[in-house]
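Below, read A as the first sequence line, B as the second, and so on, with proteins coming before strands; counting in each chain starts at 1. Please read these numbers as outputs of a predicted model, since none were measured by experiment.
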Number of protein chains: 2
Amino acid sequence: MNEQEFLAGYDPRAYPAVAVTVDVVAFTIRDAALHVLLIQRAYPPFAGFWALPGGFVRPEEDLTAAARREFAEETGLGGEPLRRVHFEQLASYGEPDRDPRMRIVSVAYLAFAPDLPEPSAGTDAGDAEWLPITALTSRELAFDHRRIVEDGLERARSKLEYTPLATRFVGEEFTIAELRAVYETVWGHPLHAGNFHRKVLSVPGLVESTGNTTEHGGPRGGPRAKLYRAGDARLLHPALLRPAREETVR
Amino acid sequence: MNEQEFLAGYDPRAYPAVAVTVDVVAFTIRDAALHVLLIQRAYPPFAGFWALPGGFVRPEEDLTAAARREFAEETGLGGEPLRRVHFEQLASYGEPDRDPRMRIVSVAYLAFAPDLPEPSAGTDAGDAEWLPITALTSRELAFDHRRIVEDGLERARSKLEYTPLATRFVGEEFTIAELRAVYETVWGHPLHAGNFHRKVLSVPGLVESTGNTTEHGGPRGGPRAKLYRAGDARLLHPALLRPAREETVR
DNA sequence: AGAATAGTGTCTGTTAGACACTATTAG
DNA sequence: CTAATAGTGTCTAACAGACACTATTCT
């Protein structure tokens, strides 16, 4: 039997019935707080519960494309703003009983976006909102979505250290102080303004000057800040390391 | 309609037919070279080609369990030696046309093992072997498996830096020189023996002394080395960073 | 004026890496 | 003996972090 004959006689139904979904952990920063996008489920299972946006992967559709589509559907976002959103695969979750309907393996994606407008609830979602991650503890999520959000959060915190991810949370042009706010918000730590400033400018390819400055100083005074855009580095060297936390090492 | 009624009327067949497989990128070190486990496919598609060990996820089987099972089946390995093999999820691959049979999403796993015996070809595999990764360029792999191996390699190199992964490639008791050989082999760089020694001992929780020494000195002379076992650290702080390579940063 | 902030200067303790050296063992 | 290796000492340049200071802008 050659390859052609084999494929002609091949029956996909002979293999176990497993469905594949994508779930999107979308982070943005608004009001100096990290937010995650949640939708309220309109249908069972977990009807009424809050959950990550996501859904079944369509035939002929790439996994990343499915993640972008689900994100766009649930947020009503498209065009240029959507293009500035960065997607990357997080991990896959496949516990046999994680969904009561059937065996479902979910490929989770991370999305990082500058401050986005309020989501307009899409077709599948009863409602959609940006929830501050500090409010996560007091909200029950559907499926194993809490675990997925936690994994995504740790990934985001870690990637701030050695990639220019932080520049994805700010606009095209930004000040060093805005960039510092991203780090402080995601890490949940205040950072030393002066040292951070010097460090950011010393890492090759992290930011490059636009030559412009802000129109005005800060709301409570201070000089106008120089504006920068994201540089061409894909990895930061040396990295911007989080202040050491002995507890989390072991 | 409540949750029970919904689930009773639920038809899994209504959803797209997608199959889920696991593929395992298993690394070991033999003869001071990094090797990856490959099997020769006995059946179409890609019959005769070399590929990663893997297969369909069974119902009621966890993804990690599937990876361990496939690895065990293809290597004939079980019991205590298998327990010393470390598994972790790498990433998922789901290009619509990556498999000619049907839509298949593969969840790839990484496995790290101390020097293992020759694999005994399992049921599905025509043959199995440990291939030095230096020989990968001159071998065509099935599906998108070359890409998966490359991703796994980069993950392994990177995780050596900030986790105690290297201790998974050596025996229960090991010398600092053996540990250094792991780093040199995986990174493909010679390291400075003296500085490496001091660095390893200075990282909290990386290794702990057993109080023993080797029976003999090296084959070409030298004092007996002290023996260590893996410590309890799960993250290395400070990390053992690779020598900076400017080229790869951009 | 007074307060807040952008950005720079300087000092200190820690670390990576280069180099050198001693002690121990195989052949 | 000689060669090779384990492990340590020491120096230097780079870096993180603390602190201080100037310049600029808002209220």
Is atom CZ of B/Arg69 surrounded by more than 12 heavy atoms (other residues, nucleotides or ligands) closer than 6.0 Å?
yes
Answer yes or no: does a side-chain N or O of A/His216 lie under 4.0 Å from OP1 or OP2 of D/dC26?
yes
Could you tell me how far apart B/Leu191 (CG) and C/dA16 (P) are, to the nearest whole angstrom?
13 Å
More than 12 heavy atoms of other residues, nucleotides or ligands under 6.0 Å from CD of A/Glu80: yes or no?
yes
Side chain of B/Arg180 only, please: which of D/dC15, C/dA4, D/dA6 is the nearest?
D/dA6
For C/dG7, does either OP1 or OP2 sit under 4.0 Å from a side-chain N or O belonging to A/His197?
yes
Taking the minimum atom-to-atom distance to the side chain of A/Pro223, which one of C/dT8, C/dA6, D/dA6 wins?
C/dA6
Out of D/dC19, C/dC19, D/dG7, whichever nucleotide has its closest atom nearest the side chain of B/Asn195:
C/dC19
How far apart are the C-alpha atoms of A/Tyr93 and A/Arg147, what are their side-chain angles, what is the distance that settles it, and do they pass the side chain to side chain contact (heavy atoms under 4.5 Å, CB included) test?
CA-CA 10 Å; A/Tyr93 299 82; A/Arg147 161 91 190 288; 4.1 Å; yes
Which part of the nucleic acid, if any, lies within reach of B/Gly221 when heavy atoms closer than 4.0 Å are counted: base, sugar-phosphate only, or nothing?
base
Look at the side-chain N and O atoms of B/Arg220 and state whether any lies under 4.0 Å from the OP1 or OP2 oxygen of C/dG27.
no
B/Leu240 or B/Gly222: which one's nearest nucleotide on DNA chain C is closer to the 5' end?
B/Leu240
Polar side-chain contact A/Arg198-D/dG17 base: donor and acceptor under 3.5 Å:
no
So which nucleotide from C/dT8, D/dC15, D/dC19 ends up closest to the side chain of A/His192?
D/dC19
Can you tell which of C/dA16, C/dG7, C/dT24 lies closest to the side chain of A/Ile176?
C/dG7
Does A/Val85 offer a backbone N or O that forms a donor-acceptor pair with the side chain of A/Arg68 under 3.5 Å?
yes
Calculate the interatomic distance between B/His189 atom NE2 and C/dG17 atom P; express it in whole Å.
11 Å
Determine: side-chain N/O of B/Arg224 to OP1/OP2 of D/dA6, distance under 4.0 Å, yes or no.
no
